Number of protein chains: 2
Amino acid sequence: MARNKKQKVRRPRAETPKGFRDYFGADVTERAAMLRDITDIYTRYGFDPLESSAVETVEALGKFLPDVDRPNEGVFAWQDEDESWMALRYDLTAPLARVYAQHRNSLPSPYRRYAVGPVWRNEKPGPGRYRQFYQCDADTVGTPTVAADSEICAMLSDTLEAVGIPRGDYVVRVNNRKVLNGVMEVAGLVDPDDADAFAHERGIVMRAIDKIDRLGEEGVRALIGAGRKDASGDYTDGAGLSDEQADIIMDFMSARRDSGAATCARLGELVGGSTAGQEGVRELETIAELLDAQGYGPDRILIDPSVVRGLGYYTGPVFEAELTFDILDEKGRKRQFGSVAGGGRYDDLVKRFTGQDVPATGVSIGVDRLLAALRETGRIGSSVAGPVIVTVMDRDRMADYQTMVADLRNAGLRAEMYLGNPKDMGRQLKYADQREAPVAVIQGGDEAARGTVQLKDLALGARLAAEIETNEEWKAQPAQVEVPRDALVAEVRAMIARADGGGV
Amino acid sequence: MARNKKQKVRRPRAETPKGFRDYFGADVTERAAMLRDITDIYTRYGFDPLESSAVETVEALGKFLPDVDRPNEGVFAWQDEDESWMALRYDLTAPLARVYAQHRNSLPSPYRRYAVGPVWRNEKPGPGRYRQFYQCDADTVGTPTVAADSEICAMLSDTLEAVGIPRGDYVVRVNNRKVLNGVMEVAGLVDPDDADAFAHERGIVMRAIDKIDRLGEEGVRALIGAGRKDASGDYTDGAGLSDEQADIIMDFMSARRDSGAATCARLGELVGGSTAGQEGVRELETIAELLDAQGYGPDRILIDPSVVRGLGYYTGPVFEAELTFDILDEKGRKRQFGSVAGGGRYDDLVKRFTGQDVPATGVSIGVDRLLAALRETGRIGSSVAGPVIVTVMDRDRMADYQTMVADLRNAGLRAEMYLGNPKDMGRQLKYADQREAPVAVIQGGDEAARGTVQLKDLALGARLAAEIETNEEWKAQPAQVEVPRDALVAEVRAMIARADGGGV
């Protein structure tokens, strides 16, 4: 016994590493179907697929810690035989930068590309937070024109409708980092002769407006002013802006008007004589114009200065797609579903590699969040039905059963022969149940002699079972019929059609 | 200068790690289309998708070297923060074993699953040999019946036809390890009382027959007999079998007859009284019977004892799909395209984890090889056409051009506005060329005033350019037409239809 125990201890554990998971059945097919819908739209917009290596050099990812010889903890990294470090990609943008720098002479310019695939993060896993997940990005590299940004907003709108979010249930919001820069200038937080002056204050302002969802207007105002004491009593130093300065920042965030043109006019007032600010406003005007010309009105795409996410990271236009319908959160409270995609313009994509400025703009869809939204609202169902199960009554007649299966498959129906131990019918029907089979086919010796098969309508059976209380009623139900062997395919097809047509 | 140079040196190199690569455009879409065709057939056969984590514990992969604390060199491995080792999966079978052991109580039994995705090998890269590549597997876990094996052979046949290999251009060959075991027994290489006796000889025999493609019959006979001197003069010790013993082995490998039944009869003679051998022959008979009943004749699936690949690894039936048409190799010699898929029965899949025997059988398609075969024979074309390019003549009328693009996209056509610097038309048409655009749309001020657009039929232009010698002829060609703006979509669609219909 002791020896057995010891052997048991040495068996490997059948587990994924912490923070990783497997996807089964519909989880795989539903995501694949959604990604196909998305990339169909990307393709129509002229974007080409890129599938970059999952493994990059740590150097190319830019994930060496400053002055340290080991890679950043955020990536999964290891050393090759020649001691060089490599790592799993943590997003799809860093690989795009490397690919563009490496292949820029053979790629079209501008280069529109989309990418779909898993990325890996070396972070502490938590509930619903995995260390491997999908991203789905589209970027246009090599052009400074905001026509590229407006195109991506239009594409995002088309994409959401293509996957099944109806117009009215989403909005794409557009803002511009340059307008914020202009507002900062007007508020006296930029010294044209010293780029570093007020950097501390600008940092606080940026972080404060990034937190508006959580802190509200009052909290932001406290943070950019004298400072803020939170519920726990902790005190955070403010940026020390005067009321007048703070007003300018707050005005920016509430500058949205009824139309894109009106919003831009208001922003134009706010940025005053700032060159950067005026440029940002003109960009937003052009975006609004281009979108209007193509029929994307404010019911789909909005110029909205309250979009702050990404303002710190991006260099020009930023956009965010939000789903506007309500869901219930974990505590049963209603709230908007919220953001499912975001992006913007970033101009230093390739500079690390080549020293050249390469302007780029792009969007990333939160694959898991969008999929969750579609499931939440019943807009995605299992895209693959269970198979018809041909049961095995008599193991000497496997060829007969296999032929039935072949007939069904050749007719395009999903079908299997039961391949487990056929000792009892109960076990086979339980299996059929677990496989969500619409129909089970049964042929014992009597049926074989008569040239017939029994068809058990399992979908109907399940519905009846839900309605019927006593066993007697159940037995009287017509969920099983005997049909000629020749009619197998036609009758099974009809049963499946009825199951698909009938509700619960 | 010195400083600049130093800065340059510190820029990261824009390269993948050694042995990795990127896939662009049609390389991505063609593979995706092929995999979709394959998994459609797998689905019809009742197989469910499984996408397991790309990262496994080294323990679960079974890749610790014996008595060594570090993982096998064949995998890319690293330590988590808690010091435990994890690694990228090197195939899709080891993860299946882990998943089945982990989830066996909730999975259907038998469990039919397919899996598609990249795997990683920590091996020396070489020409055409990458450290990340795709696998596409289907396995049935939890049943010993050879009906599962025969089903996989039928599915493999259907799959090859579904991706575009016509009947007659492929064959699925089936053999059985148990028959070889029986033949070994008859040849006196098995001692029923001592499993280890003759293990050395059996090992040599196994390796020798595994090399028949390269060594030919004579080479194999030398290896299983006295030994073999190769072209370089190197001598390899033989198994030391007598001529009589060697005859038995060679008879096994040439036991194929005109029909499956005749081949099985011949094998029955060869395995004589061996219990294992007779069981193997019965299994092949059953497989042949089941396949016959479903109409898979020897034009598609063959019982063929000359299939030796995998005989060492698998425990029962083994199968291999070969493409039988000729291609030219690197030296211009004709040869058969050869193997694109293989598999078989293996019964110790889950035992490592649970101690229980779990019989399983499966097939793996060589994704890159099959894709290469389809390209080689012109059976796969670029599945995505280039976009229509709307050029920019006048940058103040971007909204007009963008609206044309929107009209084309809304009609389901792939289209883009040129987003690069529109300073000259030559550059824009060069871009259109690079994008393999079928049509370029041009509207200058004159056309705008007339309410028309110019359509340049680039596909026709390319064909004409190939045929026409002088510049004068070229200019006279009707590859450019002016049409009303209202007719843009209809005319572009017609041009694309003509391009698709017309040959070179």
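To find a chain, count down the sequence lines: A is the first, B the second, and so on, and within it residues start at 1. No experiment lies behind these values; they were computed from the predicted model shown.
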Contact leader toward chain B among [options], where contacts are heavy-atom pairs under 4.5 Å:
| options | result |
| --- | --- |
| A:V55, A:L290, A:T403 | A:V55 |
| A:P387, A:A399, A:P110 | A:P110 |
| A:R44, A:E59, A:Q434, A:Q102 | A:R44 |
| A:R427, A:R31, A:R395, A:R113 | A:R31 |
| A:E289, A:M404, A:E151, A:K430 | A:E151 |
| A:I389, A:V99, A:T354, A:D400 | A:T354 |

Least distance between heavy atoms, A:A14 atom then B:A101 atom:
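It is CB-CB, 3.6 Å.
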
Search all heavy atoms of B:T145 against all heavy atoms of A:M398 and return the closest pair with its distance.
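Between these two residues, the closest heavy atoms are OG1-CE, 3.3 Å.
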
What part of [X] lies closer than 4.5 angstrom to a heavy atom of chain B: side chain, backbone, both or neither?
| X | result |
| --- | --- |
| A:R397 | neither |
| A:V28 | side chain |
| A:A154 | neither |
| A:Y431 | side chain |
| A:F47 | backbone |
| A:S109 | backbone |
| A:D292 | neither |
| A:Y401 | neither |
| A:L107 | both |
| A:R36 | side chain |

Quick check: do [X] and [Y] have side-chain heavy atoms less than 4.5 Å from each other?
| X | Y | result |
| --- | --- | --- |
| B:R21 | A:S53 | no |
| A:R112 | B:L419 | yes |
| B:Q294 | A:V405 | no |

Hey, are B:D158 and A:R409 close enough for a salt bridge, meaning a charged N less than 4.0 Å from a carboxylate O?
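Salt bridge absent between B:D158 and A:R409.
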
Does B:E15 come within less than 4.0 Å of A:R98, counting only side-chain N to carboxylate O?
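Result for this pair is no, no salt bridge flagged.
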
Chain A contact via [X] - which portion, at a heavy-atom distance below 4.5 Å:
| X | result |
| --- | --- |
| B:E81 | side chain |
| B:S106 | backbone |
| B:N421 | neither |
| B:M86 | side chain |

Say you draw a straight line from CG of B:D48 to CG of A:D27; how long is it, rounded to the nearest 0.5 Å?
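If I round to the nearest 0.5 Å, the distance is 11.5 Å.
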
How long is the span from the CD atom in B:E56 to the OG1 atom in A:T16, to the nearest 0.5 Å?
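Going from the CD atom of B:E56 to the OG1 atom of A:T16 covers 7.5 Å.
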
Between B:T140, B:I41, B:L50, who has the most heavy-atom pairs with chain A when the cutoff is under 4.5 Å?
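Between B:T140, B:I41, B:L50, the count favours B:L50.
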
Answer yes or no: is there a donor N or O on one side and an acceptor on the other, between the side chain of [X] and the main chain of [Y], under 3.5 Å?
| X | Y | value |
| --- | --- | --- |
| B:R414 | A:T43 | yes |
| B:Q132 | A:A54 | yes |
| A:Q402 | B:L291 | no |
| B:R435 | A:G46 | yes |

Using 30° and 60° as the class boundaries, would you call the ring planes of B:F76 and A:W78 parallel, tilted or perpendicular?
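Ring orientation of B:F76 relative to A:W78: tilted.
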
Would you please classify the geometry between the B:Y111 ring and the A:F24 ring as parallel, tilted or perpendicular, with 30° and 60° separating the classes?
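Plane angle between 30° and 60°, so tilted.
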
